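Worksheet: one structure, shown below.
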Amino acid sequence: MTEITTLAAAAEQAVAAAQSLDALEEARLNVLGKKGWLSAALKELGSLSPDDRKARAQQLNAVKEQLGAAIETRRTTLADAAINARLKAETLDMTLPVADSAEAQGRIHPVSQVIDEITEIFAAMGFTIAEGPDIEDDFHNFTALNIPPEHPARQMQDTFYLPPRASDGEQMVLRTHTSPVQIRTMESGPPPYRIVVPGRTFRSDYDMTHTPMFHQIEGLVIDRNIHMGHLKGALVEFCKAFFETDNVKMRFRPSYFPFTEPSAEVDINCSREGGVLRVGEGDDWLEILGSGMVHPRVLQHCGLDPDEWQGFAWGMGIDRIAMLKYGIPDLRAFFDADLRWLKHYGFVPLDVPTLGQGVAR
Ligand code: DAH
């Protein structure tokens, strides 16, 4: 009798004193494990006389219940403490600056930055991003865009041709603009479309403002009842967001592209006072993109009925607009992969452009 009471009191103390879930389990096994004293005492019940057995069984069961409850209570306390300690140890202060990590040292190239800014603005207007191959066939780069063979517009672009293909003699080209992705998009499924297409483009040209590889971003909207007003609205909204000023003046100047009718080149106002170019100030004009209503023949090439579907498109040089926005003088340095240049003109990678914070800081 006393022996069990003493053991139970000692066990209760051990449970209360356990500082970890492991220590608690050890205390529990001492009592209730296969070799625990309580398990042993319960096994011995069979050898007692019926009267003794009843009293003893009652006593042992009471002890078992009491210790069981004490163990459960302690287990909950220890588990809570363990979780709280872990939460505290894993706390992360998201407002702290990134230490000298690789992420903090790297820089985003101005071209990537400007692509992110432009796509962010058009994404907010409901556009999605589309892409196409750098190596194009004649049909997508020219013919489907209403530039048939022998058309003088083919000479407007100094095209890189690949050697004739062995299978059929077709001469593929390095795409001279992102416009072929208009065709690929219209071929891919039924309208409506609302896409922007950033990508690499190629022309045989090299000086301060031209490199044989450069970047364009194309836009295309095709739906029912689309008109020039939509084109103008989208591009005005874009310019305000991109240059972060409501004052930017825009001029839609009549122009010619084979794949649009009517066509317009878009200028924005700027000042060149003191040799510094400032956008959205002054009375000078700067051309930033070509645009227009998609030519009915382009729609027909893609199997669309121009009486049912209309739309507008535009194309813009990314590199030039990056030079303009961030005051970078020589385009050729964009592609020299010079780390000193990138450190100077690049962007901190964790400063992702968002409309909420402004697309450029
Ligand atoms: N593809 C033209 C170029 O590279 C730019 C362009 C002009 C694209 C008018 C368009 C457009 O989509 O509508 O010079």
Side-chain angles (χ1 to χ4, degrees), residues 118-119 122 127 129-134 136 138-148 151-160 173-187 191 193-205 209-223 226-236 238-239 250-268 286-299 301-302 304 306 309-321 331:
I118 298 174
T119 49
F122 282 107
F127 285 72
I129 295 178
E131 288 182 306
D134 289 358
E136 264 300 0
D138 188 277
F139 177 76
H140 288 92
N141 195 77
F142 293 123
T143 307
L145 287 161
N146 197 29
I147 316 176
H151 191 286
R154 290 206 178 193
Q155 268 74 61
M156 278 164 58
Q157 309 181 340
D158 297 301
T159 311
F160 285 115
V173 302
L174 295 183
R175 67 175 176 191
T176 55
H177 48 185
T178 40
S179 305
V181 185
Q182 290 188 30
I183 308 300
R184 292 192 174 275
T185 301
M186 290 189 266
E187 286 172 340
Y193 318 106
R194 218 185 283 184
I195 53 151
V196 281
V197 185
R200 272 192 265 273
T201 46
F202 307 84
R203 288 181 205 178
S204 180
D205 218 346
T209 50
H210 295 90
T211 48
M213 189 280 298
F214 57 106
H215 298 84
Q216 285 190 343
I217 188 156
E218 190 86 9
L220 176 72
V221 170
I222 302 281
D223 206 332
I226 297 289
H227 52 71
M228 282 289 283
H230 295 122
L231 181 163
K232 192 174 172 191
L235 294 178
V236 167
F238 162 72
C239 279
M250 296 173 73
R251 185 166 74 169
F252 288 75
R253 188 166 32 77
S255 182
Y256 171 77
F257 299 101
F259 30 89
T260 45
E261 182 59 35
S263 305
E265 278 177 316
V266 175
D267 303 337
I268 52 173
L286 185 82
E287 183 206 319
I288 56 163
L289 59 89
S291 66
M293 300 305 293
V294 176
H295 198 293
R297 233 174 278 156
V298 173
L299 295 169
H301 271 302
C302 301
L304 298 182
W309 302 104
Q310 304 81 35
F312 62 90
W314 75 92
M316 183 164 66
I318 294 174
D319 317 82
R320 221 168 63 87
I321 211 124
L331 175 64

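Bear in mind that the values here come from a model prediction, so they are computed numbers and not experimental data. One-based numbering, in listed order, for ligands and for the atoms of each.
Legend: residues meeting side chain to side chain contact (heavy atoms under 4.5 Å, CB included) with P296, ordered by chain and number and at least two apart, are P306.
Between I195 and I129, the closest side-chain pair of non-hydrogen atoms is not below 4.5 Å. Residues H177 and N141 form a side-chain contact, since some pair of their non-hydrogen atoms from C-beta on lies under 4.5 Å apart. Side chains of L299 and H295 form no contact here, defined as non-hydrogen atoms less than 4.5 Å apart.
I222 and P191 make their closest contact through CG2-CB, 4.2 Å (heavy atoms, listed as atom of the first residue, atom of the second, distance).
When each of E131, E136, E218 is paired with R184, the salt bridge (Lys or Arg N to Asp or Glu O under 4.0 Å) condition holds for E136 and for no other.
Listed as neighbours of ligand 1 are H177, S179, Q182, R203, Q216, E218, F257, F259, T260, G290, S291, G292, A313, W314, G315, each bearing a heavy atom under 4.0 Å from the ligand.
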